[in-house]
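Notes follow the structure.
Just so we're on the same page: letters track the sequence lines, and every chain starts at 1. The structure presented is a predicted model; accordingly, all values stated were derived computationally and were not measured. What you see below is based on every heavy atom in this structure, not just the backbone, and it leaves out hydrogens, waters and symmetry mates.
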2 protein chains.
Amino acid sequence: MSTTTQPVAPHAPATGATTMKAIAVIPGRANTMHLREVPRPTVDDVTGGRGVLVKVLRVGVDGTDKEINAAEYGMAPPGFDYLITGHESFGRVVATGPNVTDLAVGDYVVATVRRPGSSIYDQIGTYDMTTDDMYYERGINLLHGFLSEYYVDDPEYIVRIPPGLKDVAVLLEPTTVVEKGIAQAYEIQRRLRVWRPRKAAVMGAGTIGLLAALALRLRGLEVTVFGRTAAPYLNSDLIHDLGARYESTVTTPIGEGCRRYGPFDLIFEATGASPVVFESMRALAKNGVLVLSSVTGGDKMIQVPADRINLEFVLGNKVMVGTVNANREYFEAGVKDLAQAEAQYAGWLGRLLTHPVKGLENWQLLLDTLTSAKGAIKVYCEVAED
Amino acid sequence: MSTTTQPVAPHAPATGATTMKAIAVIPGRANTMHLREVPRPTVDDVTGGRGVLVKVLRVGVDGTDKEINAAEYGMAPPGFDYLITGHESFGRVVATGPNVTDLAVGDYVVATVRRPGSSIYDQIGTYDMTTDDMYYERGINLLHGFLSEYYVDDPEYIVRIPPGLKDVAVLLEPTTVVEKGIAQAYEIQRRLRVWRPRKAAVMGAGTIGLLAALALRLRGLEVTVFGRTAAPYLNSDLIHDLGARYESTVTTPIGEGCRRYGPFDLIFEATGASPVVFESMRALAKNGVLVLSSVTGGDKMIQVPADRINLEFVLGNKVMVGTVNANREYFEAGVKDLAQAEAQYAGWLGRLLTHPVKGLENWQLLLDTLTSAKGAIKVYCEVAED
């Protein structure tokens with residue numbers, strides 16, 4: 001991990017420069033990730049004097065980027081045959097349009113990913129709940145992402161980061177997955193009028209699982225994380241350092257862990273393995289809520305105890321909810337959780353930043369690290385020094 | 001169906017009578033339903049002068065009664081070796097203790113079924129959400145039911161019925177299953193801030209399915225009911241008369257029905273067949289909610305497309321919720337829906353009362369009708385004339 005702690009004045013783009021470097025793919029064709037020169041954005045690209053030009057400092061990568069490079073999904077913006085990838089951003093404002101009052105040059109910022117479509121959910125700012133068939137996501141679908149030297153956007157989609165979080169803010173976007181999932185669970189549980197969850201389980205000890213364990217510990221829950229790898233390893237150490245419990249499913253299957261430490265009032269599923277979803281249904285406490293956040297793109301069929309699953313859901317008044325993406329408010333909630341994490345578990349978040357890769361031109365190393373680095377938690381590109 | 005429309009003065013129990021007839025089972029032994037003489041309750045059986053003595057007029061029976069007679073569950077009250085069955089009651093107040101102000105002699109009433117345990121949910125009146133291991137339900141577990149000439153209870157558990165609903169109020173208890181399920185769905189959907197469901201599906205065209213279709217039509221939704229039987233038959237006629245659609249899964253599998261009429265913002269599952277639960281998951285619209293209300297006591301295992309089910313839940317922000325039993329507020333909501341039903345679809349509810357059986361002494365006919373009557377919607381005992 002390489003970070004600077006001394007304040008550095010942000011610089012405006014060099015006068016006259018009209019292009020910049022970016023990492024892109026050719027949507028529809030597998031393994032086409034490449035570095036290219038693309039037009040450099042300007043504040044005037046956003047109408048109404050509301051442009052915010054951001055110099056990109058860091059961009060995290062994850063399974064979505066892998067799948068886009070494998071051409072499993074991802075479309076180019078209209079008029080382009082390439083898609084700039086990267087949706088986990090962190091940067092600094094270098095210029096603002098005349099009508100931007102909510103952000104200033106020098107601010108550290110993270111951009112949200114999805115942009116509103118036309119449904120009523122989009123119109124009220126909850127574009128993560130869109131009912132449109134088509135969706136717009138920077139770096140994923142129909143909009144360029146952040147793996148470039150600069151980007152421009154409306155302040156509506158840019159969240160300010162306290163300077164004290166600049167070393168860890170590249171984790172904000174993955175944190176919002178957790179924030180939305182937990183917030184939806186609590187919203188749903190208002191049906192109970194009073195809900196004081198005590199025991200939580202997190203399925204999966206990857207980046208999302210770790211951040212879910214963190215968020216649930218910050219809310220005071222007793223947390224058990226189930227992962228496949230035998231402890232001890234970095235992730236299980238991180239979990240213990242939160243005062244949470246780690247159990248490897250190799251030695252403790254979920255059912256056994258549930259008998260020992262559950263049943264669980266809240267379960268956050270983040271393994272990417274759909275059979276775990278159905279095992280998790282059975283580990284829920286009465287009135288409990290199961291949050292599903294894994295994207296499982298395959299065609300796996302499994303055998304399930306249908307009568308038992310249904311009976312337990314009915315007799316126990318249980319809930320299951322799927323959750324995707326996040327809107328601005330979850331980014332704002334994530335900022336608060338990152339700040340509380342630094343206050344409560346100083347240095348913990350920084351330990352997730354295991355694999356920095358310096359420079360956009362090292363896109364191949366970035367991709368290789370994402371694909372095959374052992375023990376990686378967060379792989380990210382250090383696009384520029386602060 | 002036999003009802004009286006002229007007002008009849010309620011009579012107090014004959015002076016000196018200390019026993020009454022009741023239908024009971026010996027819990028733990030299958031096929032032990034019988035008629036017996038049991039102590040007649042008095043208003044003094046409830047402490048604090050809060051007793052309400054009710055003369056039973058009608059009691060509906062359902063699958064739960066069948067299963068209790070099959071000794072699948074059901075326990076006798078402490079100190080008894082028998083359990084008086086029956087939980088779908090309708091009656092008239094014949095005496096009240098000195099501190100009862102909320103009900104009066106002559107009132108038509110229906111009693112709730114579950115009684116509070118000790119959890120926080122019991123303490124705030126939402127005993128349907130109890131987290132206790134043990135539960136108390138009149139006519140089902142640890143408390144005597146209503147298939148008797150009289151019962152006594154606290155007014156907290158007795159809901160007043162408008163005289164204009166006396167001919168259909170025996171349907172209130174099954175209606176509360178629907179009321180709770182739909183209310184929980186709407187409570188959960190407050191997570192969306194705005195939710196205007198348009199399309200609903202009901203799985204199953206039995207008593208609960210019909211009442212669910214009714215409740216959803218009263219809320220203005222476009223309703224498709226899926227049943228097994230080929231139309232036309234009484235139930236499909238009833239569904240059409242609500243302005244709803246009936247589809248037999250023999251000719252229109254759920255997936256096909258979903259493509260044609262869905263996807264569905266709300267699905268109410270009431271078939272008793274757990275594979276339908278998993279098919280229903282896939283028929284949900286984005287942001288949709290699936291309500292499970294079937295008790296499936298078997299051990300059926302089925303093959304499911306685990307990856308697809310999970311992926312669709314996640315990308316569509318979908319919810320599934322189980323629901324059991326009901327507390328007082330759902331009985332009160334049910335009264336309103338029954339009244340609206342009579343106002344909107346006059347006579348419709350009465351058509352559900354297909355199989356009356358006169359007199360507690362005809363318990364064998366009641367049981368036989370419940371078990372094998374063709375085309376039965378609601379089987380009920382006419383315990384006494386009004």
Side-chain angles (χ1 to χ4, degrees), chain A residues 119-121 124 126 128-133 183-194 196 269 273-278 281 285-287 290 292-325, chain B residues 119-121 124 126 128-133 183-194 196 269 273-278 281 285-287 290 292-325:
Chain A
S119 82
I120 191 164
Y121 300 104
I124 64 170
T126 58
D128 54 314
M129 310 302 285
T130 189
T131 50
D132 291 355
D133 290 327
Q184 284 281 302
Y186 276 75
E187 279 284 297
I188 284 170
Q189 295 294 64
R190 290 196 295 158
R191 75 192 174 110
L192 299 174
R193 294 186 198 165
V194 51
R196 296 294 299 270
E269 204 294 315
S274 63
V276 175
V277 170
F278 296 84
M281 291 182 192
K286 286 177 182 169
N287 299 347
L290 167 59
L292 308 181
S293 76
S294 293
V295 173
T296 50
D299 286 310
K300 197 191 290 281
M301 301 283 296
I302 63 167
Q303 192 86 354
V304 300
D307 277 354
R308 298 299 305 173
I309 287 175
N310 177 66
L311 184 72
E312 290 164 3
F313 256 73
V314 170
L315 298 186
N317 293 292
K318 300 178 190 185
V319 170
M320 175 171 91
V321 57
T323 168
V324 68
N325 217 277
Chain B
S119 82
I120 191 164
Y121 300 104
I124 64 171
T126 58
D128 54 313
M129 309 303 284
T130 189
T131 50
D132 291 356
D133 289 328
Q184 284 281 303
Y186 276 75
E187 279 283 297
I188 283 170
Q189 295 294 63
R190 291 196 295 159
R191 75 192 174 110
L192 299 174
R193 294 186 198 167
V194 51
R196 296 293 300 270
E269 204 294 317
S274 62
V276 176
V277 170
F278 296 84
M281 291 183 193
K286 287 176 183 171
N287 298 346
L290 167 59
L292 308 181
S293 76
S294 294
V295 173
T296 50
D299 286 311
K300 197 191 289 283
M301 302 282 298
I302 62 168
Q303 193 86 354
V304 300
D307 277 354
R308 297 300 304 173
I309 287 175
N310 177 66
L311 184 71
E312 290 164 3
F313 257 73
V314 170
L315 298 186
N317 293 293
K318 299 177 188 184
V319 170
M320 175 171 92
V321 57
T323 169
V324 68
N325 218 275

- [ ] Could you check A/R193 against B/T126 for side chain to side chain contact (heavy atoms under 4.5 Å, CB included), going step by step and ending with a plain yes or no?
- [x] CA-CA 9 Å; A/R193 294 186 198 165; B/T126 58; 4.3 Å; yes
Open item on the list: Using a 4.5 angstrom heavy-atom cutoff, name the option from A/V314, A/D128, A/L311 with the most pairs to chain B.
Closed with: A/V314
Task: CD on B/Q303 to CD on A/Q303, rounded to 0.5 Å - done: 5.0 Å
- [ ] Check whether A/K318 gets within reach of chain B through its side chain, its backbone, both or neither, counting any heavy atom under 4.5 Å.
- [x] backbone
Task: Side chain, backbone, both or neither of A/V304 within contact of chain B (heavy atoms, under 4.5 Å) - done: both
Open item on the list: If I measure from the heavy atoms of chain A, does B/S293 come under 4.5 Å with its side chain, its backbone, both, or neither?
Closed with: backbone
Open item on the list: If we define contacts as heavy-atom pairs under 4.5 Å, which of B/I124, B/T296, B/V324, B/T131 has the most with chain A?
Closed with: B/T296
Open item on the list: Given heavy-atom pairs under 4.5 angstrom as the criterion, report whether the side chain, backbone, both or neither of B/D132 touches chain A.
Closed with: backbone
- [ ] Determine the option with the most heavy-atom pairs under 4.5 angstrom with chain B, choosing from A/K286, A/E269, A/Q189, A/R196.
- [x] A/K286
Task: For A/V194 against B/Y121, the heavy-atom pair lying closest together - done: O-OH, 2.8 Å
TODO: Would you give the length of the straight line joining atom CZ of A/R308 to atom NZ of B/K300, rounded to the nearest 0.5 angstrom?
DONE: 14.5 Å
Open item on the list: I'd like to verify something: which residue of A/L192, A/I302, A/I188, A/V277 has the highest number of heavy-atom pairs under 4.5 Å with chain B?
Closed with: A/I302
Open item on the list: What part of B/N287 gets within 4.5 angstrom of chain A, counting heavy atoms only: side chain, backbone, both, or neither?
Closed with: side chain
TODO: Check the surroundings of atom CD1 in B/I120: do more than 12 heavy atoms from other residues, nucleotides or ligands lie under 6.0 Å from it?
DONE: no
Open item on the list: I need the A/R190 CZ to B/R190 CZ distance, nearest 0.5 Å.
Closed with: 4.0 Å
Task: Side-chain heavy-atom pair A/R191, B/V321 within 4.5 angstrom cut-off - done: yes
Task: Proximal component of B/N325, with respect to chain A [non-hydrogen, under 4.5 Å] - done: neither
Open item on the list: Is the shortest side-chain heavy-atom distance between A/M301 and B/D307 below 4.5 Å?
Closed with: no
TODO: Find out whether A/N310 and B/F278 are in side-chain contact, i.e. whether some heavy atom of one side chain is under 4.5 Å from a heavy atom of the other.
DONE: no
Task: A/D299, part contacting chain B, at a heavy-atom distance under 4.5 Å - done: both
Task: Pairs of heavy atoms under 4.5 Å with chain B: top-ranked of A/G316, A/P275, A/G298 - done: A/G298
